[in-house]
Amino acid sequence: PGGRQDGLYEADVLNRAGFTILLGSFRAHDDSEGEKISFGYYEQLDLKAWHEYLLAREGIPSEKIGLYGESMGGGTSILYAAGDPGVGAVATGSAFGLTHEVITLVIHFETGLPIPISSVLSTFITFWAQREGNFVAKELDTVAVVDQISPVPVLVIHGGSDDKIGPNIGKQLYEAAAEPKQLLWIEEAKHVDFEDHQPELYKETIIDFFSQHLLE
């Protein structure tokens with residue numbers, strides 16, 4: 001689990017472009033309370049709390065609030081926005097959902113075990129995680145729900161060399177999303193390291209996306 005520090009680069013880029021930024025850390029991340037993560041299931045409640053905090057501030061209409069999340073944060077943003085909470089735009093970087101394919105790839109990445117063995121382990125790990133975390137994994141399939149974000153615009157950012165969840169997850173997300181949608185594909189990027197490869201393109205894309213849909 002990461003934390004607020006993982007979003008400092010993007011926060012700085014967007015703040016310099018005229019946006020006010022709220023950085024948050026999910027439960028069991030950073031200094032937040034909790035010991036278990038649920039890959040977006042309960043973290044949506046954290047996102048809801050931050051959203052409601054912003055809505056309660058004078059002069060901030062819902063359509064002027066955007067979400068940007070990376071990795072599990074990207075998946076959580078998709079799940080939350082698909083529930084139609086009333087946001088103006090959603091962008092994700094290296095986002096994923098808790099599917100059998102993703103867990104298999106993560107096991108393979110972390111252990112080096114062959115894909116067939118990782119796939120078998122994925123089944124057992126999913127069963128165990130659902131029981132320990134008290135959530136339902138099939139409700140965390142971001143590809144299955146990303147189209148429900150429409151007509152809110154979505155920007156999918158992914159790396160063609162993603163070494164943790166693979167590049168196909170990004171392609172699946174974009175293909176499943178409904179219009180209006182936009183894809184930023186950085187072939188040489190791995191997992192959430194876009195600024196290390198094409199920083200200017202990355203910065204321009206997220207600034208233009210949020211400027212078009214939140215500021216205009």
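Atom-to-atom distance recorded for F194:CZ and I206:CD1 is 10.0 Å, nearest 0.5 angstrom.
With hydrogens and angles disregarded, a donor-acceptor distance shorter than 3.5 Å links the side chain of S94 to the backbone of V192. Of the possible polar contacts, none joining the S119 side chain to the I115 backbone as a donor-acceptor pair under 3.5 Å is found.
The heavy-atom pair separating F19 from S211 by the smallest distance is CZ-N, 3.5 Å. What you find for A11 and L23 is that their closest heavy atoms are CB-CD1, 4.1 Å. Of all heavy-atom pairs spanning E70 and D6, the tightest one is OE1-O, 4.0 Å.
Side-chain atoms of E43 and S38 form a donor-acceptor pair, as typed in the model, at a separation below 3.5 Å. Between the side chains of Y202 and H197, no donor-acceptor pair is found at a separation under 3.5 Å.
Cluster membership check: V143 shares its hydrophobic cluster with V152, using side-chain heavy-atom separations under 4.5 Å among Ile, Leu, Val, Met, Phe, Trp and Tyr. At a threshold of 4.5 Å between side-chain heavy atoms, the hydrophobic network of Ile, Leu, Val, Met, Phe, Trp and Tyr places F26 and I165 in one connected group. Following chains of ILVMFWY side-chain contacts shorter than 4.5 Å, one cannot reach L47 starting from Y68, and the two form parts of different hydrophobic clusters.
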Solution key, residues 175-191 side-chain donor-acceptor pairs under 3.5 Å, sequence neighbours excluded:
unit_1 : atom_1 : unit_2 : atom_2 : d
E179   : OE1    : K181   : N      : 3.2
K181   : NZ     : Y174   : O      : 2.9
K181   : NZ     : A177   : O      : 3.0
W185   : NE1    : E187   : OE1    : 2.8
E188   : OE2    : Q198   : NE2    : 3.3
H191   : ND1    : D162   : OD1    : 3.3
H191   : ND1    : D162   : OD2    : 2.9
H191   : NE2    : S71    : OG     : 2.8

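Proximity of I60 to L55: side-chain heavy atoms (C-beta onward) are nowhere separated by under 4.5 Å. The closest side-chain heavy-atom distance from K164 to E110 is below 4.5 Å.
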